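Quick caveat: nothing in here was measured; it's all calculated off a predicted structure.
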Amino acid sequence: FPTVLHGIVSDESSDDCIHWLPCGKHFSISDKEKFSKKIIPMYFGSRGATKFTSFTRRLKRWKFTRVAKGPQHGAYYHEFFVKDK
């Protein structure tokens, strides 16, 4: 999961819905609807069975945390999940 996710976040063609923040330590899903319709089925199941809530549950299972406040509010973070690594 982390390897696939890193590829998705790093892919510039998906920057309109998921992208790295300038710090390179957080990523943000800026367009939840587009992400759910375009990215999730492409990488996590063509049947459309994987929903956004399932995706966020998987993030939690892999110990990603969602930033609750501050400038990166709503972004996701994991200490070992970094841009260009």
Side-chain angles (χ1 to χ4, degrees):
F1 177 80
T3 305
V4 172
L5 179 60
H6 197 280
I8 293 167
V9 179
S10 299
D11 184 355
E12 292 179 4
S13 69
S14 62
D15 277 357
D16 57 341
C17 57
I18 185 171
H19 57 275
W20 289 106
L21 294 183
C23 65
K25 296 180 180 181
H26 298 79
F27 71 92
S28 178
I29 300 172
S30 54
D31 188 334
K32 180 179 160 183
E33 187 175 333
K34 191 177 239 181
F35 179 78
S36 298
K37 290 181 180 177
K38 175 184 168 189
I39 304 298
I40 289 178
M42 188 184 312
Y43 290 94
F44 301 107
S46 58
R47 297 180 311 275
T50 305
K51 303 220 185 291
F52 189 77
T53 52
S54 299
F55 175 79
T56 56
R57 242 189 324 250
R58 199 179 278 190
L59 286 173
K60 288 177 189 171
R61 206 174 309 135
W62 281 91
K63 307 294 186 218
F64 282 83
T65 56
R66 190 163 188 252
V67 180
K69 56 185 173 182
Q72 284 106 10
H73 174 74
Y76 292 92
Y77 165 82
H78 188 289
E79 65 178 310
F80 300 118
F81 193 79
V82 214
K83 185 178 182 178
D84 300 327
K85 293 237 174 171

Which residue, Leu5, Leu21, Val82, forms the side-chain contact (heavy atoms from CB on, under 4.5 Å) with Phe27?
Leu5

Roughly how far apart are Lys32 NZ and Ile18 CD1, rounded to 0.5 Å?
13.5 Å

Atom pair CZ/CD of Phe64 and Glu79 - distance to nearest 0.5 Å:
11.0 Å

Hey, are the side chains of His78 and Thr65 touching, using non-hydrogen atoms and a 4.5 Å cut-off?
no

Give a yes or no on whether Val4 and Ile29 share a hydrophobic cluster (residues Ile, Leu, Val, Met, Phe, Trp, Tyr; joining criterion: side-chain heavy atoms under 4.5 Å apart).
yes

Honestly curious: do Tyr76 and Ile40 fall in one hydrophobic cluster under the side-chain, below-4.5 Å linking rule?
yes

For the pair Ser14 (side chain) and Ile8 (backbone), establish whether a donor and an acceptor sit closer than 3.5 Å, ignoring hydrogens and angles.
yes

Output for pair (Trp20 CH2, Lys25 NZ), nearest 0.5 Å, gives 11.5 Å

Are Phe55 and Trp62 connected into the same hydrophobic cluster when the rule is that any two of I, L, V, M, F, W, Y join if their side-chain heavy atoms are below 4.5 Å apart?
yes

When you measure from the side chain of Ser10 to the backbone of Gly7, do you find a donor-acceptor pair of N or O atoms at a distance under 3.5 Å?
no

Looking at CE of Met42 and CZ of Phe35, how far apart are the two atoms once the value is rounded to the nearest 0.5 Å?
10.5 Å

Drop me the distance from Ser30's OG to Asp16's CG, to the nearest 0.5 angstrom.
7.0 Å

Between Thr53 and Thr56 the two heavy atoms that sit nearest each other are O-OG1, 2.9 Å

Would a hydrophobic clustering, with Ile, Leu, Val, Met, Phe, Trp and Tyr connected at side-chain separations under 4.5 Å, put Phe81 with Val67?
no

Return the minimal non-hydrogen interatomic distance between Gln72 and Cys23, and the atom names on each side.
NE2-SG, 4.4 Å

Closest heavy-atom pair, Ser36 versus Pro41, reported as atoms and distance to 0.1 Å, is O-CD, 3.1 Å

Tell me if a side-chain donor or acceptor on His26 pairs with a main-chain N or O of Ala75 at a distance below 3.5 Å.
no

Pairing of Lys38 and Asp31 as salt bridge, 4.0 angstrom limit
no

Distance (rounded to the nearest 0.5 Å) between Cys17 SG and Glu33 CD
11.0 Å

